[in-house]
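Notes for the one structure printed next.
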Amino acid sequence: MIVAIDGPAASGKGTLGKRVAAHYGLPHLDTGLLYRAVARDALTQGVDLDDAEAAAKVASALDVATLGDPALRTVGAGESASRVARHPAVRTVLLAYQRSFAYGPEGAVLDGRDIGTVICPDADVKLFVSASPEVRALRRFLELTGRGVAVSEASVLADIRARDERDSTRGAAPLVRAPDAALLDTTNLDIDAAFRAAIDLIEAAM
Ligand code: C5P
């Protein structure tokens, strides 16, 4: 079974992906980490994030064993990730790894921006997770301050709006809901309620 979960920044898709995967005993891939890691490696090597060809070369050399790096979870890493994610050449390099992960023997749960549209258009279940920008900003703000990161809620909201804009308006694999994806709006749901709603949608789609 392949479950594709897409949605904007801080919509809760990552947490949902993890819980859905654990529930069905499936491997889980947070695909945002791939773009975050490419941006990290590019910056470490002094590569310009806007240089598509150089960024694609960095993507080809990506070591997926480094995806657990806590430095990938920062606000800056997300911002840099969305810059390298605009390049079709980078996306093409990362597509192969995502497909091989998805089409493994047991299936998988993948979350990102283009899983239901580009990576696994024939996924068994597609969810599009969304929430209002204000609610997403508040969640991200609480998560960051809970980890001791000093940020303002206003700056988190501005970052989320900027990333939404960049991810939805880019030419290559923009963030859009696949026509056959079930919409899960988590604006008024806590994580447990969102998880139950996700399982209901998955069971209904199977
Ligand atoms: O989901 P996360 O916030 O970790 O993603 C970081 C950035 O990586 C996103 O803002 C987006 O630009 C890019 N991304 C993407 N396609 C995916 C996953 C992430 O373009 N499947």
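Worth saying up front: this structure is predicted, and the values here are computed from it rather than measured. All ligand and atom numbering here is 1-based and tracks the order in the structure.
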For atom 6 (C) of ligand 1, the protein heavy atom that lies nearest, with its residue and separation: Arg163 NH1, 3.4 Å
Would you say Met1 and Val3 make side-chain contact, with heavy atoms under 4.5 Å? yes
Distance-only, no hydrogens or angles: does the Thr31 side chain make a donor-acceptor pair with backbone N or O of Leu110 under 3.5 Å? no
Residue, atom and distance of the protein heavy atom nearest atom 8 (O) of ligand 1 read Tyr35 CB, 3.6 Å
Could a heavy atom of Arg91 be found less than 4.0 Å from some atom of ligand 1? yes
N or O contact, Arg36 vs ligand 1, cut-off under 3.5 Å: yes
Heavy-atom gap Arg83 to ligand 1 smaller than 4.0 Å: no
Short question: side chain of Asp114, backbone of Thr117 - any donor-acceptor pair under 3.5 Å? no
Nearest to atom 12 (O) of ligand 1, what protein heavy atom do you find, and at what distance? Asp167 OD1, 2.6 Å
Protein heavy atom at shortest distance from atom 13 (C) of ligand 1: Ala85 CB, 3.6 Å
heavy-atom search around atom 18 (C) of ligand 1 in the protein gives Thr31 OG1, 3.4 Å
Is the shortest N/O to N/O distance between Arg170 and ligand 1 below 3.5 Å? yes
for atom 17 (C) of ligand 1, nearest protein heavy atom and its distance come out as Arg113 N, 3.4 Å
Pairwise salt bridge (charged side-chain N to carboxylate O under 4.0 Å, His left out) hits with a residue in residues 143-158, at least two apart: Arg140-Glu143, Glu143-Arg147
Could you establish whether Arg86 and ligand 1 come within less than 4.0 Å of each other, counting only heavy atoms on the residue side? no
Which ligand 1 atoms, with their elements, are less than 4.0 angstrom from a heavy-atom of Ala81? 6 (C), 7 (C), 8 (O)
When you look at Asp50 and His87, which way does the side-chain hydrogen bond (donor to acceptor under 3.5 Å, both in side chains) test go after all the steps? CA-CA 8 Å; Asp50 298 323; His87 307 311; 5.1 Å; no
Check residues 193-204 and write down every donor-acceptor pair under 3.5 Å in which the side-chain atom is one partner and the other belongs to a residue at least two apart or another chain.
from, atom 1, to, atom 2, distance (Å)
Glu203, OE2, Tyr24, OH, 2.5

In this structure, OG of Ser82 is separated from CZ of Arg166 (nearest 0.5 Å) by 3.5 Å
How far does OG of Ser130 sit from CZ of Arg177, to the nearest 0.5 angstrom? 8.5 Å
